[in-house]
Asks: 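Starting off with a structure, shown below.
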Protein chains: 2
Amino acid sequence: MPLSYTSKTENSQAENINIQLSGVEDSYRFAVSVDCVIFGYSEKQSLQVLLLACNMAPYDGLWGLLGDLLHPDENLDEAPLRILRERAGLTDVYYEQVQTFGRVDRHPIGRVVSTAFYSLVQISSIPLSSSSKNRVRWFNIDELHQLAFDHQEIIETCLARLRRRLRESPLGFNLLPQKFSLPQLQTLYEVALDITVDKRNFRRKIKSLEILEELDEYQSDVGHRPGRLYRFRQDRYEKLRRRGLKFEL
Amino acid sequence: MPLSYTSKTENSQAENINIQLSGVEDSYRFAVSVDCVIFGYSEKQSLQVLLLACNMAPYDGLWGLLGDLLHPDENLDEAPLRILRERAGLTDVYYEQVQTFGRVDRHPIGRVVSTAFYSLVQISSIPLSSSSKNRVRWFNIDELHQLAFDHQEIIETCLARLRRRLRESPLGFNLLPQKFSLPQLQTLYEVALDITVDKRNFRRKIKSLEILEELDEYQSDVGHRPGRLYRFRQDRYEKLRRRGLKFEL
DNA sequence: CCAAAAGTGTTGTTACTACACCCATGG
DNA sequence: CCATGGGTGTAGTAACAACACTTTTGG
């Protein structure tokens, strides 16, 4: 059954390491795609996901993730950079590989294995203008009805991963503007993790980590006492981490 | 550039959802492989990994992971079942998908994207007999020198994931025999996580979780007082988990 | 002056750490 | 009887949860 390759190796005993060489025509028939689960956050709503209207049968009219096929000359872990830029005009966003989905029947046009990444952006940073108008939209994570492909499953998996990470790394800052108040930060955690936390305990904890810089600025135009603004300091967090300390909530 | 498919869709506008249809000859050129990082544990040594001698240029003579190409009719997440069975004679092992490695140049014979899984087995359960004699061997996780492909990186990633999981789920039991003593369990954690823990505190904690069944059996043929044996009870752990309680160490 | 959300300390409880001696077996 | 590791309790400390009132702004 196994055939030998003509290129780069004369190995013909094929039950060897890692790759059973069954011939190009058999093995090199997969497409690899990359799907980006782009999470955003806008106050007082819940987490949101950016979706794109699908125009591919049999999923016409359904919404699905932004994604693309991996290019032959492109590293898997760099593909999201291109996709986020090309399809959503996003640069400098946080993203992380989550998992690869490869059910045989997950894609109607052939064997497509898809690696999912999630990324975190501020909703306001996305230019939803121009051509993409009605084709791209933010959805509340709990108003997702029927999505294209296995994108429902992919989003659920990414959401679970995100929640995990939020608890143990200071990722939440990627969802907020650079300057934010502590109540804003707290609400983000409450909304994203679907919990409620005590205001005083939350402030004490987050302050004790010493990863925030207290600014001499305050909110304005809020119909109540304005909150003091803070800024996340990556460098202080790194120092914390080097000391082996955990983040935790 | 984009071509339309003849099957299942008439879509010719190709800048659409998820897949840029650039034609079969462009897109369906990837091979997908599955690499299994098989962790084992034998008392008083550290964690071990099962490796296979590579006989593919340019990696002849190096050791590498057990793996294989994903079959066209095989679900990605089920491939490890086959690979573990075919290549190591293993059935009923715990495994988990970790990450997908897809650097352009990671494989010398072409574009191969590889999804890594780790799995946990008792070393004694592997029949290293027969034909595979000198081709397959256990290695201490810190005696890995130069490995084939990017397998060093894959193992490191899987090891990090395993350690994470060990701390927060009762996975360690998969590395031990069904009946074990508490000191055995403790040593596993100490060796695998490279920490030391206090005997009394460890016992108190693990017992408080109530996921172990205390047996009326003891070790034998040990040159000292024999330890009482316990058995992990999955059902009790599930109950614990349903109450939202965490495992933690 | 009213509504609405920001800000602030203390106390009780629980979980974690540190620590030393006796016990049962095999040789 | 000796060596080896198995088994047990307590006390101090640090982290966490619960809780109510005053302050500042916009309208």
Asks: Would you say the side-chain atoms of A/Arg106 pair up with the backbone N or O of A/Val113, donor to acceptor, closer than 3.5 Å?
Replies: no
Asks: Look at atom CG of A/Asp92 and say whether more than 12 heavy atoms of other residues, nucleotides or ligands are closer to it than 6.0 Å.
Replies: no
Asks: Using side chain to side chain donor-acceptor pair (under 3.5 Å) as the criterion, list what pairs up with B/Arg231, not counting sequence neighbours.
Replies: B/Glu213
Asks: Expected output is a numbered-order residue list: members of residues 222-229 of chain A with a heavy atom under 4.0 Å from any atom of DNA chain D. What is it?
Replies: A/Val222, A/Gly223, A/His224, A/Arg225, A/Pro226
Asks: Which residues pass the salt bridge (charged side-chain N to carboxylate O under 4.0 Å, His left out) test with B/Lys179, sequence neighbours left out?
Replies: B/Glu217
Asks: Listed by chain and number, what are the side chain to side chain contact (heavy atoms under 4.5 Å, CB included) partners of B/Gln234, not counting sequence neighbours?
Replies: B/Phe232, B/Tyr237, B/Glu238
Asks: Please find the earliest and latest nucleotides of DNA chain C, in the 5' to 3' direction, that have an atom within less than 4.0 Å of any heavy atom of chain A.
Replies: C/dA4 to C/dT10
Asks: Out of A/Val34, A/Val49, A/Leu52, which one pairs with A/Leu66 under the side chain to side chain contact (heavy atoms under 4.5 Å, CB included) rule?
Replies: A/Leu52
Asks: Donor-acceptor pairs under 3.5 Å, side chain of residues 139-146 of chain A to any protein atom, not counting sequence neighbours: which ones?
Replies:
from     : atom 1 : to       : atom 2 : distance (Å)
A/Asn140 : OD1    : A/Ser46  : OG     : 2.4
A/Glu143 : OE2    : A/Asn140 : N      : 2.9
A/His145 : NE2    : A/Glu143 : O      : 3.4

Asks: Less than 4.5 Å apart, side chain to side chain, heavy atoms only: is that true for B/Phe247 and B/Leu171?
Replies: no
Asks: For residues 209-217 of chain A, which residues have at least one heavy atom under 4.0 Å from DNA chain C?
Replies: none
Asks: Test of understanding: with side chain to side chain contact (heavy atoms under 4.5 Å, CB included), list the residues that count as partners of B/Lys207, not counting sequence neighbours.
Replies: B/Leu182, B/Arg203, B/Glu214, B/Tyr230
Asks: Rounding to an integer number of Å, can you tell me how far B/Leu185 CG sits from D/dG6 P?
Replies: 12 Å
Asks: Tell me, please, which residues at least two apart from B/Arg165 pass side chain to side chain donor-acceptor pair (under 3.5 Å).
Replies: B/Glu96
Asks: Taking atom P of D/dG6 as reference, at what distance in whole Å does atom CZ of B/Arg203 sit?
Replies: 8 Å
Asks: For B/Asp198, I'd like to know if atom CG has over 12 heavy atoms of other residues, nucleotides or ligands within 6.0 Å.
Replies: yes
Asks: Once each nucleotide of nucleotides 12-20 of chain D is scored for protein heavy atoms under 4.0 Å, what B/S/- sequence comes out, 5' to 3'?
Replies: ----SBBBB
Asks: Please list, chain by chain and in numerical order, all residues satisfying side chain to side chain donor-acceptor pair (under 3.5 Å) with A/Arg167, sequence neighbours excluded.
Replies: none
Asks: Find the distance B/Gln184:CD to D/dG7:C1' and express it as a whole number of Å.
Replies: 15 Å
Asks: Checking A/Ser119 now: which residues fulfil side chain to side chain donor-acceptor pair (under 3.5 Å) with it, not counting sequence neighbours?
Replies: none
